[in-house]
Amino acid sequence: MINFYINSSVYVQVLVATFLTWGITALGASIVFFFKKVNGNVLDAMLGLSAGVMISASFWSLLNPAINQADALGMNSWLIVSIGFFTGGLVLILGDILFEKILTKKKRKNSYSMKRSLMLIFSITLHNIPEGLAIGVAFGSIALGVDGATLASAFMLAVGVGIQNFPEGTSVSLPLRREKFSRKKAFIYGALSGIVEPIAGLVGCILVIYVQNILPFFLAFAAGAMIYVAMSELIPESQKNPHKNLMSLFTILGFVIMMMLDVALG
């Protein structure tokens, strides 16, 4: 099975990886069938660990290959990578601000909690797009032979994204259950919040393979988007835990694990 995956085309590899991340989202959403509440310490630790993995992957799997590829193409690497990184974070920031303003204008007092739940669904779905793109770009860069890009690092990036998708699926389905949705509907909406990842992953992979000159920008763009998600969503949420120092250790652990795997296997 492993040999089949290794020898498969890059498109099959990225689809398998992103369907894995979506499957973990669905698994997280399925918690609604078993529990009304999930242990907060466990979820916060997972969020902290995922933040560390994503921050580490942003450099070792995305920014470092972006710099190497830009140099190989004769580009001004520091400028291209800086613009791409900044743009990736900015797009997500503007998307969050825009959606929040739209909901605020339509908000009614008796439906505030429901609007908040819808914002959560949209926000998580929006964040899953650059995550899928990041995975697709990572796999696409392997096909192009980018220095520092390996199957191990790309797949570990997918694993890191998948880990943080579990609590995201849960954080969608449980609030919807509180809004009187049936368990089945709450699960479906929670699972669907991650279905954009395989689509975005395939798009990102195709783009970087056929338009090689944009690869450094897209790698950096994906890194900026992932850093924004980690800094604005994962770390602040995990730090709400009373044992915030322990949550910080999980973030550091996630970074170290990803770095070790990326460097050792790369």
Side-chain angles (χ1 to χ4, degrees), residues 17-18 20-21 24-25 27-29 31 37-66 81 85-86 88-93 96 120 123-124 126-135 137-138 148 150 152-172 174 193-194 197 219-266:
T18 49
L20 171 66
T21 63
I24 296 176
T25 303
L27 186 63
I31 292 295
K37 292 184 68 176
V38 182
N39 187 289
N41 290 330
V42 174
L43 286 179
D44 290 342
M46 290 178 64
L47 288 172
L49 185 74
S50 300
V53 169
M54 292 179 70
I55 292 171
S56 183
S58 293
F59 176 74
W60 299 105
S61 298
L62 296 172
L63 286 177
N64 193 42
V81 172
F85 185 84
F86 182 80
L90 183 63
V91 167
L92 260 68
I93 291 173
D96 280 351
L120 176 63
S123 177
I124 289 178
L126 180 67
H127 292 159
N128 282 334
I129 293 174
E131 289 171 6
L133 282 172
I135 296 171
V137 167
T150 65
S153 64
F155 193 79
M156 281 309 303
L157 173 59
V159 171
V161 170
I163 291 173
Q164 65 105 37
N165 279 357
F166 184 90
E168 284 186 356
T170 302
S171 67
V172 172
L174 290 182
S193 68
E197 283 191 359
L219 285 168
F221 180 94
M226 289 181 66
I227 288 292
Y228 172 75
V229 173
M231 297 298 292
S232 69
E233 300 292 334
L234 304 184
I235 291 177
E237 192 63 30
S238 69
Q239 285 296 299
K240 291 179 182 178
N241 191 287
H243 310 290
K244 61 180 183 180
N245 289 334
L246 181 60
M247 299 303 116
S248 296
L249 282 178
F250 273 101
T251 301
I252 295 172
L253 178 63
F255 187 99
V256 171
I257 290 173
M258 185 66 198
M259 179 179 65
M260 290 174 61
L261 290 170
D262 222 333
V263 175
L265 299 178

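When a residue number appears, it is its place in the shown sequence, counting from 1.
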task = Provide the closest heavy-atom pair for Ala220 versus Ala66 in the form atom of the first, atom of the second, distance.
result = N-CB, 4.2 Å
key: For Trp60 against Pro65, the heavy-atom pair lying closest together   = O-CD, 3.5 Å
remark   = What one should report as the nearest heavy-atom pair of Ala138 and Leu157 is CB-CD2, 3.8 Å
message = On a heavy-atom basis, which atom in Leu92 and which in Ala225 lie closest, and how many Å separate them?
response = CD2-O, 3.8 Å
inquiry  = Determine whether a donor-acceptor pair (N or O, by modelled atom type, separation under 3.5 Å) exists between the side chain of Asn165 and the backbone of Thr21.
reply    = yes
key: Nearest-0.5 Å distance, OG of residue Ser56 to CE of residue Met259   = 6.5 Å
task = Show your reasoning for whether side chain to side chain contact (heavy atoms under 4.5 Å, CB included) applies to Val91 and Phe221.
result = CA-CA 9 Å; Val91 167; Phe221 180 94; 3.8 Å; yes
query = Is there side-chain contact between His243 and Asn41, with heavy atoms separated by less than 4.5 Å?
reply = yes
request  = State the CG-OG distance between Leu49 and Ser238, to the nearest 0.5 angstrom.
outcome  = 10.5 Å
query = Looking only at heavy atoms, which two atoms of Ile235 and Ala51 are closest? And how far apart?
reply = CG1-CB, 3.6 Å
Between side-chain atoms of residues 245-258 and protein atoms elsewhere (two or more places apart, or another chain), which donor-acceptor pairs fall under 3.5 Å?
unit_1, atom_1, unit_2, atom_2, d
Ser248, OG, Gln239, NE2, 3.1
Ser248, OG, Lys244, O, 3.1
Thr251, OG1, Gly48, O, 3.0
Thr251, OG1, Met247, O, 3.3

ask   = Taking atom CG of Leu20 and atom CD of Glu197, what is their separation to the nearest 0.5 Å?
value = 10.0 Å
